Amino acid sequence: MSARIREALVELGEDVVGLRLAPPEEVRARGRARSRRRAVVLGGATAVVVAASAAALPGLVGPPGTAGRGGPVGSVAGGTAGHGGPTGTAPAGASA
(Lines give C-alpha, C1' and ligand atoms only; values in the text may rest on other atoms or scores of the structure.)
Protein backbone atom coordinates (compact mmCIF):
# COMPACT_ATOMS: atom_id res chain seq x y z
CA MET A 1 0.00 0.00 0.00
CA SER A 2 2.73 2.47 0.95
CA ALA A 3 4.59 1.75 -2.32
CA ARG A 4 1.50 2.86 -4.31
CA ILE A 5 1.15 5.99 -2.22
CA ARG A 6 4.85 6.82 -2.67
CA GLU A 7 4.54 6.28 -6.44
CA ALA A 8 1.46 8.55 -6.62
CA LEU A 9 3.26 11.28 -4.67
CA VAL A 10 6.29 11.10 -6.96
CA GLU A 11 4.05 11.47 -10.02
CA LEU A 12 2.23 14.38 -8.41
CA GLY A 13 5.54 16.01 -7.53
CA GLU A 14 6.65 15.82 -11.17
CA ASP A 15 3.45 17.61 -12.22
CA VAL A 16 3.86 20.35 -9.60
CA VAL A 17 7.52 21.18 -10.33
CA GLY A 18 6.72 23.53 -13.25
CA LEU A 19 3.73 25.14 -11.54
CA ARG A 20 4.07 28.90 -11.02
CA LEU A 21 2.28 30.35 -7.99
CA ALA A 22 1.27 34.00 -7.86
CA PRO A 23 2.97 36.13 -5.22
CA PRO A 24 0.92 36.78 -2.07
CA GLU A 25 0.57 40.50 -2.89
CA GLU A 26 -1.04 39.67 -6.23
CA VAL A 27 -3.42 37.15 -4.64
CA ARG A 28 -4.52 39.75 -2.06
CA ALA A 29 -4.97 42.43 -4.74
CA ARG A 30 -7.14 40.10 -6.83
CA GLY A 31 -9.23 39.26 -3.77
CA ARG A 32 -9.79 42.95 -2.96
CA ALA A 33 -10.77 43.69 -6.58
CA ARG A 34 -13.19 40.75 -6.58
CA SER A 35 -14.74 41.98 -3.30
CA ARG A 36 -15.19 45.49 -4.74
CA ARG A 37 -16.87 44.13 -7.88
CA ARG A 38 -19.26 42.02 -5.82
CA ALA A 39 -20.12 44.99 -3.58
CA VAL A 40 -20.86 47.18 -6.62
CA VAL A 41 -23.04 44.49 -8.21
CA LEU A 42 -24.89 43.88 -4.94
CA GLY A 43 -25.43 47.61 -4.45
CA GLY A 44 -26.75 47.98 -8.00
CA ALA A 45 -29.09 45.03 -7.62
CA THR A 46 -30.39 46.44 -4.34
CA ALA A 47 -31.03 49.82 -5.98
CA VAL A 48 -32.97 48.13 -8.80
CA VAL A 49 -35.15 46.18 -6.34
CA VAL A 50 -35.86 49.30 -4.27
CA ALA A 51 -36.71 51.35 -7.37
CA ALA A 52 -39.00 48.63 -8.74
CA SER A 53 -40.74 48.28 -5.38
CA ALA A 54 -41.24 52.04 -5.12
CA ALA A 55 -42.65 52.14 -8.65
CA ALA A 56 -45.06 49.24 -8.00
CA LEU A 57 -46.21 50.38 -4.55
CA PRO A 58 -48.79 52.99 -5.69
CA GLY A 59 -50.47 50.42 -7.95
CA LEU A 60 -50.70 47.89 -5.14
CA VAL A 61 -52.11 50.28 -2.55
CA GLY A 62 -54.52 52.19 -4.79
CA PRO A 63 -55.25 55.87 -5.15
CA PRO A 64 -54.46 58.12 -2.19
CA GLY A 65 -57.23 58.38 0.38
CA THR A 66 -58.93 55.05 -0.43
CA ALA A 67 -57.01 52.70 1.86
CA GLY A 68 -59.33 50.87 4.24
CA ARG A 69 -62.55 52.40 2.85
CA GLY A 70 -63.91 49.32 1.11
CA GLY A 71 -64.02 50.71 -2.46
CA PRO A 72 -66.05 48.97 -5.14
CA VAL A 73 -65.38 45.45 -3.90
CA GLY A 74 -68.43 44.16 -1.97
CA SER A 75 -70.69 47.12 -2.67
CA VAL A 76 -73.99 46.91 -4.54
CA ALA A 77 -75.98 49.75 -6.09
CA GLY A 78 -78.73 50.88 -3.72
CA GLY A 79 -77.27 49.34 -0.58
CA THR A 80 -74.53 47.13 0.76
CA ALA A 81 -73.84 43.53 -0.16
CA GLY A 82 -76.16 41.05 1.53
CA HIS A 83 -79.06 43.48 2.09
CA GLY A 84 -82.18 43.68 -0.05
CA GLY A 85 -82.27 47.45 -0.10
CA PRO A 86 -81.36 50.57 1.80
CA THR A 87 -80.68 50.21 5.50
CA GLY A 88 -83.74 50.40 7.76
CA THR A 89 -86.39 49.11 5.34
CA ALA A 90 -88.09 45.77 5.55
CA PRO A 91 -88.96 43.64 2.50
CA ALA A 92 -92.50 44.04 1.13
CA GLY A 93 -95.07 42.08 3.14
CA ALA A 94 -92.90 41.76 6.25
CA SER A 95 -94.17 43.06 9.54
CA ALA A 96 -92.03 45.41 11.52
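Keep in mind that this is a model prediction, so the values were computed, not measured.
Every side-chain hydrogen bond (donor to acceptor under 3.5 Å, both in side chains) that Arg30 has, sequence neighbours left out, goes to Glu26. Legend: residues meeting side-chain contact (heavy atoms from CB on, under 4.5 Å) with Arg38, ordered by chain and number and at least two apart, are Arg34. Glu7 is linked by a side-chain contact (heavy atoms from CB on, under 4.5 Å) to Glu11, counting only residues two or more places apart in sequence or in another chain.
Rounding to the nearest 0.5 angstrom, the gap separating the OG atom in Ser2 from the CG atom in Leu9 is 11.0 Å.
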